[in-house]
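First the structure, in the form of structure tokens, and then the observations on it.
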Amino acid sequence: MDFETCDAAAAAKAFGLEELDARPSLMIWTTTPWTLPANLAIAVGPTYRYSLVRMDGSETIVASDLLAKVKAAVGAEKVEVLAETDGAKLVGLTYRHPFCEREGRVIGGEHVTLEDGTGLVHTAPGHGDEDWRVGRREGLAAYCPVRDDGTYDDTVPEWLRGMNIWDANPMVIRHLTESGHLVHHMQFNHSYPHDWRSKTPVIFRATEQWFIGVDRTMKNGQTLRGLAKDAVEHKVRFVPEWGRNRMRGMIESRPDWCLSRQRAWGLPIPAFKLPDGSAFMTPASVRAVAEVIRQKGSDAWFTESPATLLAGYDPAKDPQAPKGLQVASLEKLFDIFDVWFEAGSSWNSVLRARGQGIPAELYLEGSDQHRGWFQLSLLPALGATGAPPFKSLVTHGFVVDRDGRKMSKSLGNALEVEDLLKDFGAEVCRWWVSGLAFENDIRMDLEYLKAAGEAYRKLRNTLRFLLGNIGDLPAGDIVAEAVDTPPESLDGWAMGEFARVQGFVRDAYTRHAFREAHLALFDFCNDTLSSVYCAAAKDRLYCDRADGTRRRATQRAMNAVAEGLIRMLAPVLPHTADEAWRALKGADAKSVVFEQHVPITFAGAAGWPAVFAARESAMKALEEAKSQGIENSLDAGLVIPDADGTLKPFAAELADLMGVSRVTLDPAAKLVSVTDLREEPRCERSRKRDGTVRERQDGGLLSDRDAEAVGQ
RNA sequence: GCGCCAGUAGCUCAGCUGGCUAGAGCACGCCCCUGAUAAGGGCGAGGUCGAAGGUUCGAGUCCUUUCUGGCGCACCA
């Protein structure tokens, strides 16, 4: 497309030529011919080089670097470069619009690129964000001759008036061809924005909208952007911490907030139109309308008259009312609020209005909401109260499939939450969720739910073992803290571990580090309890006298551990915890979710790490002994080195802890050795070969302990 | 195109301000138990730390580039 320069002399001068016979033209290209009626300027890159060329007989201006491309594209045969100059020298030239009665200006623009086209960019401030911004800087009007219905208004040449813009495309091309301004015309495939639902192309029009200006100085002398940056930097806790960084970048670069939408439904912006066409909305008028909407619902805006809507409004008492305001002369405007303004006001309409207090402790959402709910709650709150509406922001990533791809119905890799709940149960799903590294993308597959189900059953079984073995503990024997437990006993070790885990889990919960809590709880159940404590305690639970001191001590400890463990599980597995809680406390006990943790202080003996180091060696030695035929560890005894006597205080517990029949501590030994006890008699009750087994009165083979327990 | 994030055993993840032969759980293999039993226990194998450069006596850990994936934003005159 050619735009003729108005002043040939000025154009010639820009290129350092003395004179030029013809008026050179400015060559632009566009994929939207219908926007040409709104052309007000042509942008050039000030730092680029531009050539004045004679192309097939007419003089025109093109970016030097694009000359070859242009020549090829338009199929020009003869191209002669007359002169060359910097883009900056072209700025300020004027040109005649090819079919509108006006002049345009050449302006400089940093957005001009040399990737496509001619290096001269058609600029219509009424039809695009970037053009609008450049135009604003250059003092150009936001001229948009296209009306709401997609047709031209009366400011365009007669042959376009009232025409639909899509119909106008061929008309414009024909007109330019006939007037000799069209250099070339071709099919060009490129991506163009479409409405996501109707799949129809959208167009850009500059229209009047309501904005929240983020850089305006407010009454307190601050700008919203400034307040927001400060809040992000100093006043909000981010989990994970990188959310701060991300939000900072967004706050720094965000444009003004466009609050208004033109849609058929939504919450109306309570603005009216004055007879002179300007808008009317003051704090007092908004409050008056709000009262009507509170009583009648937001539809009132559409069903009631301005007089009714403003029944509670007295212009005389509103210092901000326009002079001589007549309520009867007002017309309603029908823009609605951006839905984010509603979502972003929930701290006010939910928390403050109901007296629940602001700021909220926590806002929790996906990482996309740094720009959404998080930011758009922060801005209104800062504007209205000067303070953020939340203390902490917790962000999670998005669920993706097992290969890390996002889930979508069209790809067929999406999972339905309803199905998962049905197939695996809500508690298993909760357990899975609690263990996620939620800060990142969350891979999701049925396999992972299956694994969560296995882990859940482990917890459940561990609880069941504890509860099943304390049933006969007399109520008077129950001491929640079990503080009288000897630190060197098996129970003392378990209590010490429990106290440690409890402290860790409580801290993890308060840090929103649910995964850490989840892992600690699982390890405690799987390792500390199931693999070690429960296994070692079986002998005394099953074979000691029912009311024996040692057995009762273990039951008291197990009771304390079970109670504390259930409390810790309650936030993640409420129903499982409740079920266990009722088994522990009675069927009519109040739900455990209303309980708090009861921090216990208990330290196991200092020598326990040494005991467990010995245990590890013992396990390996026993494994090796299998090749010699000692496959059942109760067929074995152990001799364990204890040069400095560290293990001595634990001597009574070592056999049960290591699953063997007896343990001897030897100050002189260097390595753990396994003793073959298969030749010794085995107690028929405890299956131990502890050296005291002999035939009793009733003919049974029993150890001393077992004989005593059954009264033999 | 820009911003933020991630890429460590088959899987899910730890590895702080750089420093012993890179860890855990699950899954897997072998074995034990059969009074937690549609349970329980033991041992074991398994990793070029996405790739390529660079800094350093020394890098999974710092820098650069690059690839893959996620979220957001922008552009396509």
Side-chain angles (χ1 to χ4, degrees), chain A residues 1 28-32 35-36 39 42-43 109 111-113 115-124 127-131 134 188 190-193 240 242-250 252-255 366-372 375 395-406 432 435-437 439-443 445 447-448 450-452 454-455 457-458 460-469 515-516 518-519 522-523 526-527 529-532 534-536 538-539 541-543 616 618-624 626-627 630-635 658-659 685-687:
Chain A
M1 209 104 47
I28 63 107
W29 82 321
T30 183
T31 57
T32 52
T35 64
L36 286 172
N39 174 283
I42 290 174
H111 63 292
V112 178
T113 67
E115 275 164 39
D116 286 308
T118 64
L120 291 90
V121 175
H122 158 53
T123 301
H127 290 299
D129 185 51
E130 189 149 58
D131 286 9
V134 171
F188 181 73
H190 64 117
S191 68
Y192 187 87
W242 54 255
R244 188 187 311 280
N245 200 7
R246 180 167 192 183
M247 197 148 162
R248 182 194 301 124
M250 288 176 171
E252 281 170 356
S253 65
R254 73 150 301 132
S367 67
D368 58 330
Q369 298 300 333
H370 281 96
R371 184 165 285 274
Q375 192 188 142
T395 312
H396 60 255
F398 275 65
V399 174
V400 295
D401 71 11
R402 61 182 306 160
D403 301 317
R405 309 277 165 167
K406 77 166 142 189
W432 173 71
L436 295 172
E439 305 86 338
N440 301 326
D441 295 338
I442 299 148
R443 289 184 193 239
D445 192 72
E447 286 299 314
Y448 308 159
K450 276 186 206 160
E454 291 295 318
R457 277 161 54 191
K458 184 80 180 195
R460 200 179 161 79
N461 264 314
T462 304
L463 278 173
R464 197 168 65 162
F465 182 89
L466 294 178
L467 296 172
N469 279 290
R515 177 180 165 80
E516 289 182 41
H518 167 110
L519 292 174
F522 180 77
D523 274 355
N526 185 42
D527 196 38
L529 294 182
S530 183
S531 166
V532 181
C534 296
K538 277 183 186 176
D539 177 74
L541 288 169
Y542 299 159
C543 301
E616 202 178 320
M619 291 300 177
K620 290 194 171 128
L622 286 167
E623 199 68 28
E624 283 164 22
K626 282 180 182 172
S627 62
I630 309 172
E631 296 192 320
N632 185 337
S633 60
L634 282 177
D635 289 340
M658 298 176 193
R685 188 159 175 273
S686 65
R687 302 194 191 91

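Chain letters run A, B, ... following the sequence lines, proteins first and then strands; every chain starts at 1.
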Inset, instruction - Examine rC71(B): is either OP1 or OP2 under 4.0 Å from a nitrogen or oxygen in the side chain of Arg246(A)? Give yes or no. - result: no
Legend entry - Under 4.0 angstrom between Lys458(A) side-chain N/O and rG40(B) OP1 or OP2: yes
Legend entry - N or O in side chain of Asn526(A) less than 4.0 angstrom from rA24(B) OP1/OP2: no
Legend entry - Listed nucleotide nearest any side-chain atom of Glu130(A), set rC73(B), rG35(B), rC75(B): rC75(B)
Legend entry - Contact letters for nucleotides 42-47 of chain B, in which S counts primed atoms plus P, OP1 and OP2 and B counts the base, heavy atoms under 4.0 Å: BSS---
Legend entry - Asn461(A) side chain, from C-beta outward: closest of rC71(B), rC73(B), rA36(B): rA36(B)
Inset, instruction - Taking atom P in both rA59(B) and rC20(B), compute the distance separating them and give it to the nearest angstrom. - result: 11 Å
Legend entry - Which residues share a ring pair (Phe, Tyr, Trp, His ring centres under 6.0 Å) with His396(A), sequence neighbours left out: none
Legend entry - Phe398(A) CZ - rG7(B) P separation (whole Å): 19 Å
Inset, instruction - Determine the interatomic distance between C1' on rG44(B) and the same-named atom on rG3(B); round to the nearest Å. - result: 47 Å
Legend entry - N/O (side chain, Arg687(A)) to phosphate O (OP1/OP2, rG35(B)) under 4.0 Å: yes
Polar atom pairs (N or O), protein with nucleotides 10-18 of chain B, under 3.5 Å:
residue: rC11(B); atom: O3'; partner: Tyr448(A); partner atom: OH; Å: 3.2
residue: rU12(B); atom: OP1; partner: Tyr448(A); partner atom: OH; Å: 3.4
residue: rC13(B); atom: O4'; partner: Arg515(A); partner atom: NH2; Å: 3.3
residue: rC13(B); atom: O2'; partner: Arg515(A); partner atom: NE; Å: 3.1
residue: rC13(B); atom: O2'; partner: Arg515(A); partner atom: NH2; Å: 2.3

Inset, instruction - Between rG7(B) and rC75(B), how far apart are the P atoms? Round to whole Å, please. - result: 32 Å
Legend entry - Whole-Å C1' distance, rG60(B) and rU48(B): 12 Å
Inset, instruction - Taking atom P in both rC73(B) and rG46(B), compute the distance separating them and give it to the nearest angstrom. - result: 47 Å
Legend entry - Distance between P atoms of rG10(B) and rG47(B) (Å, rounded): 7 Å
Legend entry - rC33(B) OP1/OP2 closer than 4.0 Å to side-chain N/O of Ser633(A): no
Inset, instruction - Please determine, for the side chain of Trp242(A), which listed nucleotide (rG40(B), rU37(B), rC5(B)) has the closest atom? - result: rC5(B)
Legend entry - Check: His127(A) main-chain N/O paired with Thr35(A) side-chain donor or acceptor under 3.5 Å: no
Legend entry - C1' spacing across the pair rU34(B) / rU8(B), given as an integer number of angstrom: 40 Å
Inset, instruction - For rC30(B) versus rU66(B), give the span between their C1' atoms, rounded off to a whole number of Å. - result: 44 Å
